[in-house]
Amino acid sequence: MPRKMKEDALEGSYADKLIDAAVDIRMNPEAVERSYMARQLVQCTLPHSDPGNLMRWSRTNGHLTLAIRPYVDEHNKALYPYGSIPRLLLFWLVTEATQKKSRHIRLGNSLDGFMREIGLNPRTGGGKRGDAARLHSQMERLFRAIITFEDRREWSKSYVDMQIAPKGTLWWDPAKSHQDNLWESWVELGEEFFAAITAAPVPIDMRALRALKRSPLALDLYAWLTHTAFSATRKRESRIIPWEGLHGQMGAEYAQLRDFKIKVNMALKKIQLVYPTLKLETTGAALIVHPSPTAIASKS
DNA sequence: TCGAGAAAATGATGCTCCTT
DNA sequence: AAGGAGCATCATTTTCTCGA
C-alpha cells in the first residue's frame with residue numbers, strides 16, 4: 001500500500017470504520033438509532049479542546065450567544081467540558097430527557113453499560129487517557145458548568161443562566177463497575193436546561209455519532225447540518241451560510257478562517273458518508289445547504 | 001493572504017501486570 | 001484464569017508558525 005494521500009480524509013484504518021457505518025446507514029435506514037440534540041446547542045457549540053484557566057468562554061451565532069462558566073475545583077482551576085465526550089453526553093442527555101420526559105435521569109445500571117450507551121468503549125483500558133477516566137472528568141465538568149444562552153436584539157437582551165444538572169449522585173467505584181444494581185448514578189437536570197432542550201429537539205442518528213466521534217468538529221457539523229437541512233426543506237429554500245458565521249458558531253478557536261474551512265471540508269466528506277441524502281454545495285464564501293430528505297425519518 | 005508543515009492535544013489500541 | 005487498570009505507543013485532529 002503506497003503511503004500517500006495524507007490529505008485525503010478518507011484514507012487509513014479509521015476510514016474502514018467510517019465506511020462500515022456509512023454502509024450500515026445506507027442499507028438499514030429503518031434501523032436508525034434515534035437520538036436528539038437541542039436546537040440551541042446545535043447553533044452554538046462547546047470547546048474542542050481545553051480552553052485553559054479562563055473565567056468565561058463563549059461562542060456567538062448572530063444574536064445568539066452560548067457562554068460557559070466552568071466548574072472550578074478546590075485549587076481554583078477552571079474545568080471546562082471539551083472534546084467529544086461531553087458532546088456525546090449531551091446527545092444522550094437530550095435523548096433521555098426527550099423520551100422519558102423527566103428531569104430525573106438514571107445513568108443506566110452499570111458503568112460499562114452507560115459507557116456503551118453514550119458511544120464510548122469500556123474496553124479502552126484504564127489510565128489517564130482511557131475512556132473511563134476521561135468520562136469521569138468530563139461528566140463533572142459538564143454537569144457542573146454554568147451555561148448561559150443569551151439572545152441579544154437591538155433593544156433587548158434575554159438570557160437564561162443554567163446548570164445542566166444541579167443535583168446528582170455519581171458512583172465511581174471501578175471495582176463494582178460491571179455489577180448491576182450497585183451503580184445507582186443519577187442526575188437531576190436543571191429546570192431551565194430541561195425546558196430548553198426539550199422545547200425543540202433535533203433528531204439525529206446515533207450510528208453516525210459513533211462513526212464521527214473522533215472529531216468534535218464533525219459531531220457539531222453533523223448535528224447542525226441535520227437541523228439546517230430540515231429547516232431548509234420546510235421552508236423550501238436553500239440556506240446559505242457564510243464561512244464567517246459558521247466559524248463564529250462552531251469553530252472560533254481556529255485562529256485562521258482558512259484553517260477552519262479546510263477542516264470543515266474534510267469533515268463534510270465524512271458526514272456525507274453517514275448522511276447520504278444531504279445535499280450541500282460549498283463556494284469560496286459560503287456553505288449552501290439545499291433542501292434534503294432528513295437523515296432521520298420524522299416520527300409522526 | 002496563502003500554502004506547507006511542524007507541534008501539541010486528543011482519541012484509539014494493545015500489551016503487561018495486578019487483583020480477584 | 002479472567003478481567004480490568006495502568007501504561008506505552010500509535011493515529012488523528014487541532015493549533016501554531018514560518019516564509020514566500
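Lettering follows sequence order; numbering is per chain, from 1.
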Atom-pair distance (NZ on A:Lys270; P on C:dA11), nearest Å: 16 Å

Run the side-chain contact (heavy atoms from CB on, under 4.5 Å) test against A:Thr169 and tell me which residues pass, sequence neighbours left out. A:Trp171, A:Trp186

Output the rounded distance in Å from CG (A:Leu120) to P (C:dG4). 16 Å

Report the hydrophobic cluster partners of A:Ile240, with the cluster defined as I, L, V, M, F, W, Y residues connected by side-chain heavy atoms closer than 4.5 angstrom, directly or transitively. A:Ile288

With sequence neighbours left out, the residues meeting side-chain contact (heavy atoms from CB on, under 4.5 Å) with A:Val23 are A:Ile19, A:Met27

Whole angstrom is fine here: how far is it from CG in A:Leu135 over to P in C:dA5? 13 Å

Identify, with sequence neighbours excluded, every residue that meets ring-ring contact (aromatic ring centres under 6.0 Å, His included) alongside A:His63. none

Output a table of donor-acceptor pairs, distance under 3.5 Å, between side-chain atoms of residues 134-148 of chain A and any protein atom two or more places apart or on a different chain; print 'none' if there are none.
from     : atom 1 : to       : atom 2 : distance (Å)
A:Arg134 : NE     : A:Arg129 : O      : 3.4
A:Arg134 : NH2    : A:Asp131 : OD1    : 2.7
A:His136 : ND1    : A:Trp172 : NE1    : 3.4
A:Ser137 : OG     : A:Arg141 : NE     : 3.1
A:Gln138 : OE1    : A:Tyr82  : N      : 3.2
A:Gln138 : NE2    : A:Tyr82  : O      : 3.4
A:Glu140 : OE2    : A:Arg144 : NH1    : 3.2
A:Arg141 : NH1    : A:Tyr80  : O      : 2.6
A:Arg144 : NH1    : A:Tyr71  : OH     : 3.3
A:Thr148 : OG1    : A:Asp161 : OD1    : 2.9

Does a donor on one side chain sit under 3.5 Å from an acceptor on the other, for A:Ser292 and A:Thr277? no

Rounded to the nearest 0.5 Å, how far does NZ of A:Lys261 lie from CG of A:Leu287? 11.0 Å

From CZ of A:Phe260 across to P of C:dC16 the rounded distance in Å is 15 Å

All pairs passing salt bridge (Lys or Arg N to Asp or Glu O under 4.0 Å) where residues 44-53 of chain A contributes a residue, at least two apart: none

Take the protein atom CE of A:Met115 and the nucleotide atom P of C:dG3, then report the distance between them rounded to whole Å. 17 Å

Please enumerate all protein N or O atoms sitting under 3.5 Å from an N or O of nucleotides 2-6 of chain B, with distances to 0.1 Å.
from  : atom 1 : to       : atom 2 : distance (Å)
B:dG3 : N7     : A:Arg258 : NH1    : 2.4
B:dG3 : O6     : A:Arg258 : NH1    : 3.4
B:dG3 : O6     : A:Arg258 : NH2    : 3.0

Under 3.5 Å, which protein N or O atoms sit close to an N or O of nucleotides 9-11 of chain B? Give each pair with its distance.
from   : atom 1 : to       : atom 2 : distance (Å)
B:dT10 : OP1    : A:Asp50  : N      : 3.2
B:dG11 : OP1    : A:Ser84  : N      : 2.9
B:dG11 : OP1    : A:Ser84  : OG     : 3.0
B:dG11 : OP2    : A:Arg134 : NH1    : 2.4
B:dG11 : O5'    : A:Arg134 : NH1    : 3.3
B:dG11 : N7     : A:Arg129 : NH2    : 2.8

Salt bridge (Lys or Arg N to Asp or Glu O under 4.0 Å) contacts touching residues 62-76 of chain A (sequence neighbours left out): none

Just to verify, what does A:Glu237 make a side-chain contact (heavy atoms from CB on, under 4.5 Å) with, not counting sequence neighbours? A:Lys235

A:Met266 has an atom CE; how far is it from atom C1' of C:dT12, in whole Å? 9 Å

For nucleotides 17-20 of chain B, give me every protein contact, N/O to N/O, under 3.5 Å, one pair per line with atom names.
none

Residues passing the salt bridge (charged side-chain N to carboxylate O under 4.0 Å, His left out) test with A:Arg116, sequence neighbours excluded, are none

Between CG of A:Asp220 and P of C:dT13 the distance, given in whole Å, is 14 Å

